[in-house]
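Everything on this sheet refers to the single structure shown next.
No experiment lies behind these values; they were computed from the predicted model shown.
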Amino acid sequence: MADETEIQAGAEAGQPEGGERRGRGGRGRGGGDRGGRGRDGNRGRRDDRGARGEEAGEELIEKLVHINRVSKTVKGGKRFGFAALVVVGDGKGRVGFGHGKAREVPEAISKATASAKKKMIRVPLREGRTLHHDGAGHFGAGRVTLRSAPQGTGIIAGGPMRAVFESLGVADVVTKSVGTSNPYNMIRATFEALGEQTSPKSVAQRRGKKIADLLGRGGSQTAEADAAAITE
């Protein structure tokens with residue numbers, strides 16, 4: 001009887017252990033199901049990102065302004081790196097610049113382009129072709145002067161500054177840069193000057209007046225017509 005009692009107790013004690021193993025196995029299979037849902041969820045998020053990229057896709061003008069190559073001497077030779085300066089704009093009043101570094105030129109350009117797209121600013125344009133007023137900007141030793149110009153003047157600007165105005169959509173402008181030929185300083189000084197651009201519409205709204213009143217104070221005989229032509 002003692003032996004039978006011990007065998008029965010051992011069997012009863014073994015049942016819960018077997019049940020726990022089956023429970024753990026069930027949870028393991030359940031974990032596999034959760035993993036499957038996770039993979040499906042990841043696919044869904046990738047699809048959403050692709051859809052957002054297509055919706056936000058727009059035609060941008062990308063201009064490579066400068067490529068700088070640097071080298072570091074290490075054991076066994078030299079290790080080269082590249083830095084790219086890129087200007088990006090939509091040709092309709094939005095422009096930005098970015099800087100990127102990488103071991104290869106294409107990767108450096110792609111980094112700079114992505115950075116430029118994140119830092120785009122909007123600049124008001126008169127008639128969609130020139131600036132509303134003159135401006136000046138400086139960064140470091142670089143100083144630039146921007147002047148609006150009549151139709152047909154074209155873009156009178158140096159290399160880095162020309163890339164900015166072509167990407168911005170400006171067709172007539174006169175510029176001057178003094179103090180430095182460093183493309184980084186020239187670009188930053190140009191963006192400082194563009195950031196100070198204002199339109200008659202924004203000034204009239206800020207002062208609570210009509211655009212025609214602001215234009216008429218300068219002695220313009222066609223203030224009403226000029227005010228009607230201003231859309232930005």
Side-chain angles (χ1 to χ4, degrees), residues 42-125 131 135-146 154-171 173-197:
N42 290 338
R43 282 197 296 271
R45 284 195 291 273
R46 283 196 295 270
D47 294 341
D48 293 341
R49 285 198 297 269
R52 285 197 299 269
E54 292 177 0
E55 291 174 2
E58 55 181 345
E59 294 184 2
L60 296 176
I61 303 171
E62 301 176 3
K63 291 189 175 292
L64 178 62
V65 177
H66 183 68
I67 283 282
N68 186 35
R69 190 187 76 169
V70 296
S71 63
K72 179 181 179 181
T73 302
V74 296
K75 183 179 180 180
K78 292 183 177 181
R79 182 178 297 170
F80 293 98
F82 298 90
L85 177 63
V86 173
V87 173
V88 173
D90 62 355
K92 300 176 183 178
R94 294 178 65 231
V95 68
F97 76 97
H99 176 236
K101 296 179 179 180
R103 294 288 177 83
E104 301 294 337
V105 174
E107 186 177 355
I109 294 176
S110 64
K111 286 183 178 180
T113 303
S115 176
K117 291 178 180 178
K118 293 179 182 178
K119 298 186 295 184
M120 294 181 71
I121 63 172
R122 179 168 292 281
V123 181
L125 301 179
L131 304 176
H138 69 90
F139 186 89
R143 297 181 179 273
V144 300
T145 302
L146 314 180
I155 301 176
I156 301 178
M161 296 175 67
R162 174 176 288 272
V164 173
F165 291 111
E166 288 179 350
S167 302
L168 180 60
V170 172
V173 68
V174 177
T175 69
K176 181 65 177 178
S177 174
V178 296
T180 183
S181 59
N182 186 319
Y184 291 89
N185 289 351
M186 291 177 65
I187 291 289
R188 289 188 173 97
T190 302
F191 270 80
E192 180 179 328
L194 292 176
E196 297 177 354
Q197 286 288 313

Among D90, T113, V95, exactly one meets side-chain contact (heavy atoms from CB on, under 4.5 Å) together with L60. Which residue is that? D90
Nearest-0.5 Å distance, CZ of residue R122 to NZ of residue K92: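 Output value for this atom pair is 10.0 Å.
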Please list all pairs passing the side-chain hydrogen bond (donor to acceptor under 3.5 Å, both in side chains) test where one or both residues lie in residues 183-193, with sequence neighbours left out.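 Listed once each, the pairs are H99-Y184.
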Residues that A84 engages under side chain to side chain contact (heavy atoms under 4.5 Å, CB included), provided they are two or more places apart: L64, I67, A108, I109, A112
Do [X] and [Y] come within less than 4.5 Å of each other through their side chains, counting heavy atoms only?
X	Y	value
K111	K101	no
L194	V164	yes
L125	L168	yes

Shortest non-hydrogen contact between [X] and [Y], atoms and distance:
X	Y	answer
A116	G98	CB-N, 3.5 Å
A163	V87	O-CG1, 4.0 Å
L146	A193	CD1-CB, 3.6 Å
M120	G89	CE-CA, 4.0 Å

Let me check something: any side-chain donor-acceptor pairs from residues 173-180 under 3.5 Å, sequence neighbours excluded? List them with distances.
{"residue": "T175", "atom": "OG1", "partner": "I156", "partner atom": "O", "Å": "2.9"}
{"residue": "T180", "atom": "OG1", "partner": "N182", "partner atom": "N", "Å": "3.1"}

Could you tell me which residues satisfy ring pair (Phe, Tyr, Trp, His ring centres under 6.0 Å) with F191, sequence neighbours excluded, listed by chain and number?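 For F191 the ring pair (Phe, Tyr, Trp, His ring centres under 6.0 Å) partners, ignoring immediate neighbours, are F97.
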Mind checking salt bridge (charged side-chain N to carboxylate O under 4.0 Å, His left out) for E104 and listing every partner two or more places apart, or none if nothing turns up?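 Salt bridge (charged side-chain N to carboxylate O under 4.0 Å, His left out) check on E104 returns nothing, list empty.
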Per the salt bridge (charged side-chain N to carboxylate O under 4.0 Å, His left out) rule, what does the pair list look like for residues 60-76, sequence neighbours excluded?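 The answer is E62-K117, K63-E166.
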